[in-house]
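Written out below as structure tokens is the structure these notes cover.
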Amino acid sequence: MKKSMKFLAVAALAAVGFGIIAADHIDAPAVQGTTADITDYYAFQGENTSNLVFVANVQGLLSPSATGSASFDENVMVEFNIDNTGDNVEDLVIQAIPRDGKMYFFGPVAPGTPGATSMVQENATNTVSVDITPYGSNAITASNNGMMAFAGPRDDPFFFDFGKFTDILAGNATGFDANGTDTFAGSNVMSVVIEVPKSSLGGSGTLNTWVEAKKK
Amino acid sequence: MKKLIRNILGLALLATMGLTSCDKDDNMMNPVDNGPDFSGTYMTADQMGRPAINTVFVPSGMKDNFNVTPPSQMGAMYASAFADGLRALSPAYANPGDANALGLDADTFGSVLATDILTVSTTGTTTFYDGTNVLTGRNLADDVITVELLLIFGGEDFSENPGLTDDNVNANDKAFDTSFPYLASPW
């Protein structure tokens, strides 16, 4: 018991240094609270099992009253990165960038240059664009070239008793509650969802993937 | 000097006129709508592979830099900090030889986590962890926090520190859709 208390104290100290927040919500000072703050990233097999789905959420912790006025930033591109050769360098990207009420998707396409600096790959053959779904409307989706696209506000799919976790790390609790409280219940995010044929992603069974928010 | 300034002004004027006439020509000769302007250079501001990695493991002074480091360089830069973080955070890594249920000790697990990418299967089940498959993707409904708590605090067989290995929030506050776009409508 003594030992575990000591470790909790150490954990509490560590937490202060680490500034634990959530999935990726407000994870670092430079992006916290900005339109480029990624909250979560998902990649999973689609309802059509020949497809993979990529989801990026930005601008987390939107209350319902704040969601109607939230919008995607035209200076922020969401870029899904796909490494299909196992070296953790992207071989393909899917770029999503808003213009005038629509979200435009480019790719899967080879990046001009891999890494932190990108141009929009306007010459990609795989493209789809979709009207950004307004708050309060049914989801608007679009498809092209075997791809499906969505962009707009959604319920934050992340769930975690983050409040209790901070209590534990602060030394104010020794463990989680038997019935936890979802700190993210009732809050929204701005979502970008793209579904593409697996055959367009290459590789031999496993892909390394990550998402970036890139600012102009 | 005066003349030089006048010449510069003259050149500037010419340039302006030139630009104006170019625009005019464009409008007259290209009635086609060129579509939105996507030009420019975009620089990484935030990035993410697995959930909660930057928030949990990266020391506070390094979080911004972690967000702009290409994944291929993350391992070399952050593996030892992540291992130290695991040892500081969890009694499950306190003793030499301690490992998690994947058989990874603090150094090895720290090294795996430091390269913040999400591996995704293109041939089968996609899940963060379902009891059988490990890190073959991430579904909306996956209880990723409990999985991470188990791997951080649960020790070799998930039995250690039972009060810390499950937040007992096991599902989202809204049901997901089985069809595109899968996420639930906003509150």
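Everything quoted here is computed from the prediction, not taken from an experiment. By convention in this document, chain letters (A, B, ...) are assigned in the order of the sequence lines, proteins followed by strands, and residues within each chain are numbered from 1.
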Heavy-atom cut-off 4.5 Å, strictly under: side chain, backbone, both or neither for [X] against chain A?
{"X": "B/Phe66", "result": "neither"}
{"X": "B/Asn67", "result": "side chain"}
{"X": "B/Ser121", "result": "both"}
{"X": "B/Asp143", "result": "both"}

Report the option among [options] that has the most heavy-atom pairs separated by less than 4.5 Å from atoms of chain A.
{"options": "B/Val120, B/Thr123, B/Ile117", "value": "B/Val120"}
{"options": "B/Gly49, B/Pro71, B/Pro70", "value": "B/Pro71"}
{"options": "B/Thr165, B/Thr146, B/Asp37, B/Thr69", "value": "B/Asp37"}

- Can you label the angle between the B/Phe38 ring and the A/Tyr104 ring as parallel, tilted or perpendicular, going by 30° and 60°?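 Because their plane-to-plane angle is over 60°, the rings of B/Phe38 and A/Tyr104 count as perpendicular.
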
- Message: Students often mix this up, so state it plainly: with edges at 30° and 60°, are the rings of A/Phe184 and A/Phe158 parallel, tilted or perpendicular?
- Response: perpendicular

- Test the B/Arg138-A/Tyr42 pair against the cation-pi criterion, namely NZ or CZ under 6.0 angstrom from the six-membered ring centroid and within 45° of the ring axis. yes

- Query: Which side-chain hydrogen bond (donor to acceptor under 3.5 Å, both in side chains) pairs, counting each pair once, include a residue from residues 71-83 of chain B, with sequence neighbours left out?
  - Reply: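 Pairs touching residues 71-83 of chain B that pass the test: B/Asn65-B/Tyr78.
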
- Message: Let me confirm one number: the CD-OG1 distance from A/Glu195 to A/Thr141, rounded to the nearest 0.5 Å.
- Response: 10.5 Å

- With rounding to the nearest 0.5 Å, note down the distance linking CD in A/Gln95 to CE in A/Met119.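 Interatomic distance, A/Gln95 CD to A/Met119 CE, rounded to 0.5 Å: 10.0 Å.
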
Residue-level interface, [range] with chain A, non-hydrogen cut-off under 4.5 Å:
{"range": "residues 179-187 of chain B", "result": "B/Ser179, B/Phe180, B/Pro181, B/Tyr182, B/Leu183, B/Ala184, B/Ser185, B/Pro186, B/Trp187"}
{"range": "residues 167-174 of chain B", "result": "B/Asp167, B/Asn168, B/Val169, B/Asn170, B/Ala171, B/Asn172, B/Asp173, B/Lys174"}
{"range": "residues 126-137 of chain B", "result": "B/Thr126, B/Gly137"}

- Close aromatic pair by centroid cut-off 6.0 Å: A/Phe160 and A/Phe165: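 Yes - the distance between ring centres of A/Phe160 and A/Phe165 falls below the 6.0 Å cut-off.
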
- Which answer fits A/Asn179, side chain, backbone, both or neither, if we ask what part of it has an atom under 4.5 Å from a heavy atom of chain B? backbone

- Message: At a 4.5 Å cut-off on heavy atoms, which part of A/Arg99 comes close to chain B: side chain, backbone, both, or neither?
- Response: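 A/Arg99 touches chain B through side-chain heavy atoms alone.
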
